[in-house]
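A short write-up of the structure that comes next.
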Amino acid sequence: FLLLAYFWTSLLKQTTNPSTRSSPHSLTGHSPHMALIQKRTLMATVEIIRLALPRNPTLVAKPVSPTLRASRLLVRFNSLSSVSTLFSMPERRPFVRLPTDVYPVNYGLRLKPDLIDFTFEGKLEAAVEVTQGTNQIVMNCADIDIITASFVPEGGEEINATGFNYQNEDEKVTLCFPSILQKGSGSLKIDFVGELNDKMKGFYRSKYTTPSGENHYAAVTQFEATDARRAFPCWDEPAIKATFDITLIVPKDRIALSNMNVVDRKPYPEDHSLVEVKFATTPIMSSYLVAFVIGEYDFVESQSSDGVTVRVYTPVGKAEQGKFALEVATKTLPFYKDYFSVPYPLPKIDLIAIADFAAGAMENWGLVTYRETALLIDPKNSCASSRQWVALVVGHELAHQWFGNLVTMEWWTHLWLNEGFASWIEYLCVDHCFPEYDIWTQFVSADYTRALDLDALDNSHPIEVDVGHPSEVDEIFDAISYSKGASVIRMLHNYIGDEDFRKGMNAYLLKFQHKNASTEDLWECLEQASGKPIAAVMNSWTKQMGFPIIVVDQEQHGSDRVLKISQKKFCASGPRNGTCKKEHWMVPISICTSEGPSCTKMKVLLDQPETTVNVTNIAPDHWIKINPGTVGFYRIQYSSAMLESLLPGIRDLTLLPVDRLGLQNDLFSLARAGMISTVEVLKVMEAFVNEPNYTVWSDLSCNLGVLSSLLSHTDFHEDIQEFIRDLFTPIGMKLGWDSKTGEGHLDALLRGLVLGKLGKAGHKATLEEARRRFKEHVEGKQILPADLRSPVYLTVLKHGDSTTLDTMLKLHKQADMQEEKNRIERVLGAIPAPDLIQRVLNFALSEEVRPQDTVSVIGGVAGSSKQGRKAAWKFVKDNWEELHNRYQGGFLISRLIKLTVDGFAIDKMAAEVKSFFESHHAPAAERTVQQCCENILLNAAWLKRDAEDIHQYLLQRKAPPV
C-alpha cells in the first residue's frame, strides 16, 4: 500500500510541477485533462492511505463528485450507484431531516478556488454545540470529498474521525468518531476538496469574455435551495442558522466578494500570485444565503439616504450599464426601511451581474447575484421592457433582504412566504419608484392571470407543499409559489388595508428577526394588527389547491339590486360532479357600480357555498361589477344580462383598464374550459378596437397567441391571422413606427407589442416597413431604436429565408450586450423553413449561446409554428441526455419541457410525452410533465369542441353583407 501510495504521490508531483503548468494569470492555456489527473491522483492517494489505516469495516467511503469516480474505481469499483438506479427512484422518496444532536454556531470557512483546474480546496472550522452525546455527526455534503475531519471539545483533545459514510442520494455524510462526543461546545475541523462545476449550482465556474476577446472564468455561487453543500460540508437546512467567517484565497488581480465587507486583504504566504481576503462576520443566517464571487469586474457606487453603501458590479468596461440598477437600489432600500419600519441590517449591499446564471437573480444577503439581463441597462441600447424588468428584479431581491434573509422560512414548505411576498412587494416598490409604469395593471397580466391558468389544472398544487428530499424542492419554484403567492398576498393586503398590513408586517419582522418562521406566524401577527380572521381566510387559499369561480346573477327590487352569489371550484376542464363542488374558500368580495367604477360600494366575505347580497340605491339601468381592480383571486361567471350590461364599458372605456382586462381574461378562460363558446370571446375581443392601454393589449395579444397556436392544428390558421390583423391595425396606424414628443414608457411598450403582432400575422405594410428598416439597420445607415428591434427582428424572420437567418446570426455574433443577444435568440425560431428551423435548434446547443439561454431558443422554435413545435420536441428527445445533464434537476429543465410540449393539441401527443418521461426520468420536473400532458388533452378537447364554430364565425366575418 505504501509503495502504491508513493507511486501516486510521485505522479502528483509531476503533474503539479510549475514547469508543466500555465501561468496562474492565464485562464486559457491549461489542459482541463491535467486538472482531472491532478485531482484524481490526489483523491486516489488519500483513498489508498485510508485503506492502509485501521478503521471500522462497516463504514464505506463513497465517492460523490462525478469527475472523481473514474479514479476511485481503481480502489473501490463496487460502491457506486448507477445513473439508472438514481432515475428509477419512486416519485416521493423517503426523507429525514438532519439530526439535532449537533448544530453549528459559527462556520470558519477558508476556500481556495483554482480557476485553471476548476477545483477548490477548503478548510472548515465550525464552532458547534453537542446537545446530547453521540459518536457521529451528520451533515449535508454533495460532490465534495473530505480529506480529514476531527472534533476538538472545548478544553479537550482532538478526536480524529475514523470514517466518512456518504449517503449520496440524500446528499449527506456521516462523520464517525471512535468515542462519544460529550455534550457541550466544541470545534469541528474538516479539510476537503471539490470541483468548480459547470452546472450553474453550488460553487461553479462562469465563462466570460474580456474586452480583449479572451475567455476567462469566474468562480461564483448559487446555493438556493440545497446547494451550499456542494461548496462546503454544512447543515444545509434553512432553520439551522449560524454566523459565517469567510476567507477566500484568490489570484491577486481578481476581485473577491462575499456577503460582508472586506476586513483584511494580504499576500498569501505560500504563493505570491495569490491574496488572502477575509470578510467580516455575518449576522446569524441560513446556509442557502451564503455567497462568494471571484472574477474581474468594474463597479459603480453610491450611498442610500439611510447610509448603506450600494455597489453594482458589471463586466469590465461596462460600469455605465450598472447606473440604472444603482439608482433603483438606492431608492429601494429606504423605501423598504420605511415600509417595514426595520433598517437594513448590513453595512453594504452588492449587486453583481454573472455571465452564466440559471435563475433571474438570487437574494444572497449583502451580495445579490443577477443574470446580466436582469441588472445591466445600456442607456442607448436597452429597451423599455428591459428597464422595467431590471427595476422589478432589483425590487424583488432587495425585499428578500428583510423577508427571507432577516426572517427565514422554517422549511421549504413555506417557500411561498419568501417568494410570494417578494413577488408582490416588488410591484409596490416599482410603483413607488416609477409611477408612470402603471405597474399594478401589469401585475394582473404578468402574475395574476398566469397563476389562475396554472392553478385551474388538476395537476396544480397548494401554495404550501410538503417537501422533503432535495429533488422535490426545485419543483415548487413555480408560478404557484411566486405568482399565486403574490396574488393572494395582494388580496390579503386589500382585505386588511395598508395601515394594519404594515403594522402586522413590522410586528412579524421584529418578533422573528434572525430566526425562522412559518406561514401561521405571519397570519398571527396580521390578525393581531387587523382584528380580522386572517388565518381562517388565508388557510383556504394556501392549504388547498385551486380557486373558486364566483357565479353571479341579479334581480332588481325597486331601487335595490339583489345579487345571488355562489362559489364552486374552477376546473380548466370545465364543470364536473364530485370533488369540484365540495371545496370552498373564504372569499373577500368587493362590489362596484357604474356610478363609481373605481370605488368599492360594498365588501362581503363569502364563507359559504352561496349567499345573497342586497345592493341599495342602484338604478335599473346601472351595471354592477364584482371584483373591481381584479384583486380577488377567482374567476367570475356573470349571468347573460349582467355581462351584456358590462360590455359597453369596454368600448367606451368606462370600466377601468384592469377590469377590462380581467373581464376578457375570465371569458377566455371560461371558453377554454368549455363553459361558453370561443366565438363569444372573439366577439368581445372585437369590442377592444378603441383600447388605448398597453397591458390590456398585452393580455389580448397573449390570449390570441394561445388561440393562434391552437388553430395551427387546423387548415384555417390563416383566418385567425386575418382576425388579428383586423383587430390590431387601427391601434398600429394610430401609433405609427416612430415615437412622438410627450410619449412615455407605456407608449414604447405598446408600439413594440402591436408592430410585432401585426408583423408576425403578415400585415403587408408592417412587413414591408420592417424589411426596409432592418436593411438600413444592418447596413449601419439608421440603427433601430432598442424598442423596435424585437418586433422588426421577429417580422423579418417570420417571413424570411436563409439570408435573413445568416444576417441575424451575424448580428448575434457581433452583439456586445447580452440583452441584444437574448433579443435575437428569442425570435430565431420564427424562421419558417424546416431546414432553417433545424439550424436554429443546433445553434441553441452551440458555444454561441450561454447555457441558461438554450432554453429560450428551443422554446422560441416550439412556440413559432406547428412545424417548429414538432422539430423542437424531436430535438429535445434526441438531445435529452445533454440537456438533462446541463440543467441537472434545476427549474430550467421544467421550463424547457413546458415551452417545448405545452402547445400540442392531439391526444396521442400527451401519451407520447408521458411515455418519454417514464423512461427518461426528470425528478425535478415530474409535476411539470403531468401539467403539460393535461394541457395537451385540454387543447385537444377545446379544438374538437369549438374549431368548427370558430371557423364558421371567421368565414362569416369575411363574407360581404347581404
Side-chain angles (χ1 to χ4, degrees), residues 381 383-386 694 697-698 700-702 704-705 707-709 712 717-739 747-812 815 819-834 836-837 839-840 843 856-857 859-868:
N381 294 300
C383 58
S385 60
S386 292
Y694 159 71
W697 276 113
S698 176
L700 268 169
S701 171
C702 185
L704 282 167
L707 200 54
S708 176
S709 175
S712 68
H717 187 236
E718 173 51 32
D719 294 336
I720 193 69
Q721 302 312 304
E722 186 176 344
F723 181 91
I724 291 168
R725 292 194 296 267
D726 289 349
L727 186 58
F728 279 78
T729 295
I731 184 71
M733 297 288 285
K734 182 181 174 185
L735 287 165
W737 279 83
D738 299 306
S739 59
D747 300 294
L749 293 179
L750 181 57
R751 180 174 287 107
L753 173 79
V754 170
L755 291 176
K757 201 72 177 175
L758 285 169
K760 189 177 180 184
H763 183 255
K764 193 177 176 186
T766 304
L767 173 57
E768 287 171 359
E769 183 63 9
R771 283 175 169 160
R772 184 187 74 77
R773 289 181 181 242
F774 181 67
K775 184 171 182 289
E776 289 193 344
H777 176 71
V778 171
E779 291 171 353
K781 291 179 182 173
Q782 183 68 51
I783 300 301
L784 281 165
D787 289 307
L788 290 182
R789 289 182 199 172
S790 281
V792 168
Y793 294 167
L794 173 66
T795 301
V796 297
L797 277 164
K798 184 70 179 173
H799 309 280
D801 55 19
S802 59
T803 306
T804 319
L805 182 60
D806 289 342
T807 306
M808 203 63 80
L809 291 174
K810 187 179 174 186
L811 285 178
H812 181 277
E819 179 187 325
E820 177 73 356
K821 285 186 184 289
N822 285 174
R823 201 173 0 244
I824 294 167
E825 288 161 0
R826 283 195 294 268
V827 297
L828 286 173
I831 201 81
L836 301 182
I837 287 172
R839 268 186 69 193
V840 172
F843 173 76
S856 54
V857 180
V861 172
S864 65
S865 64
K866 184 180 176 183
Q867 296 77 14

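Keep in mind that the numbers below use all heavy atoms, side chains included, and drop hydrogens, waters and symmetry copies. Numbers here simply count residues along the sequence, with the first being 1. Here the structure is a predicted model, which means the values were calculated and not measured.
At a threshold of 4.5 Å between non-hydrogen side-chain atoms, the residues N381 and E820 do not count as touching. Side chains of R839 and L809 form a contact here, defined as non-hydrogen atoms less than 4.5 Å apart.
Formation of a donor-acceptor pair under 3.5 Å by the S701 side chain with backbone atoms of W697 is not found in this model. Looking only at distances, no side-chain donor or acceptor of K757 sits under 3.5 Å from a matching main-chain atom of F728. No donor-acceptor distance shorter than 3.5 angstrom exists from the side chain of D747 to the backbone of S739, with no hydrogens or angles considered. S709 contributes no side-chain N or O that, together with a main-chain N or O of G705, makes up a donor-acceptor pair within less than 3.5 Å. Side chain of K798 to main chain of S864: a donor-acceptor pair is present (N/O by atom type, distance under 3.5 Å, no hydrogens or angles). T795 contributes a side-chain N or O that, together with a main-chain N or O of P791, makes up a donor-acceptor pair within less than 3.5 Å.
At a threshold of 4.0 Å, the pair R771-E768 does not count as salt-bridged, since none of the basic side-chain nitrogens sits closer than that to a carboxylate oxygen.
At a cut-off of 3.5 Å, with distance as the only test, a side-chain donor of D801 or T804 sits close to an acceptor on the other residue. If you check the side chains of N822 and E819, you find no donor sitting under 3.5 Å from an acceptor.
Note that CG of L784 is 12.5 Å distant from SG of C383, once rounded to the nearest 0.5 Å. Distance check, rounded to the nearest 0.5 Å: CD of E769 to CG of L758 gives 13.0 Å. Expressed to the nearest 0.5 Å, how far CD1 of I720 lies from CZ of R725 amounts to 11.0 Å. Rounded to the nearest 0.5 angstrom, I831 CD1 and S802 OG are separated by 8.0 Å.
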*Take K810 and V778 through the test side-chain contact (heavy atoms from CB on, under 4.5 Å) and record every step on the way to the result.*
CA-CA 10 Å; K810 187 179 174 186; V778 171; over 6 Å; no
_E825 vs H812, test: side-chain contact (heavy atoms from CB on, under 4.5 Å). Steps then yes/no._
CA-CA 8 Å; E825 288 161 0; H812 181 277; 2.7 Å; yes
*Let me see the working for F723 and L727 under side-chain contact (heavy atoms from CB on, under 4.5 Å), right down to the final yes or no.*
CA-CA 6 Å; F723 181 91; L727 186 58; 4.3 Å; yes
*Where do E779 and K775 land on the salt bridge (Lys or Arg N to Asp or Glu O under 4.0 Å) test, with the steps shown first?*
CA-CA 6 Å; E779 291 171 353; K775 184 171 182 289; 2.8 Å; yes
*Going through the distances and angles, do I731 and L750 end up as a side-chain contact (heavy atoms from CB on, under 4.5 Å)?*
CA-CA 9 Å; I731 184 71; L750 181 57; 4.2 Å; yes
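S708 approaches Q721 most closely through the heavy-atom pair OG-NE2, 2.9 Å. Between S865 and I837, the shortest heavy-atom distance links the atoms OG-CD1, 4.5 Å. When every heavy atom of T766 is checked against every heavy atom of W737, the shortest pair comes out as O-CZ2, 3.6 Å. The two residues L797 and L828 come nearest to each other via the heavy atoms CD1-CA, 3.9 Å. For D738 against R751, the heavy-atom pair with the smallest separation is O-NH2, 3.3 Å. S790 and V827 get closest at one heavy-atom pair: O-CG1, 4.4 Å.
The 12-atom threshold is exceeded at CD of E718, counting heavy atoms of other residues, nucleotides or ligands nearer than 6.0 Å.
Applying the side-chain contact (heavy atoms from CB on, under 4.5 Å) test between R789 and each of L794, I824, L811, I783 identifies I783 as the sole match.
Using bins of under 30°, 30° to 60° and over 60° for the plane-to-plane angle, the ring pair H777/Y793 lands in the tilted bin.
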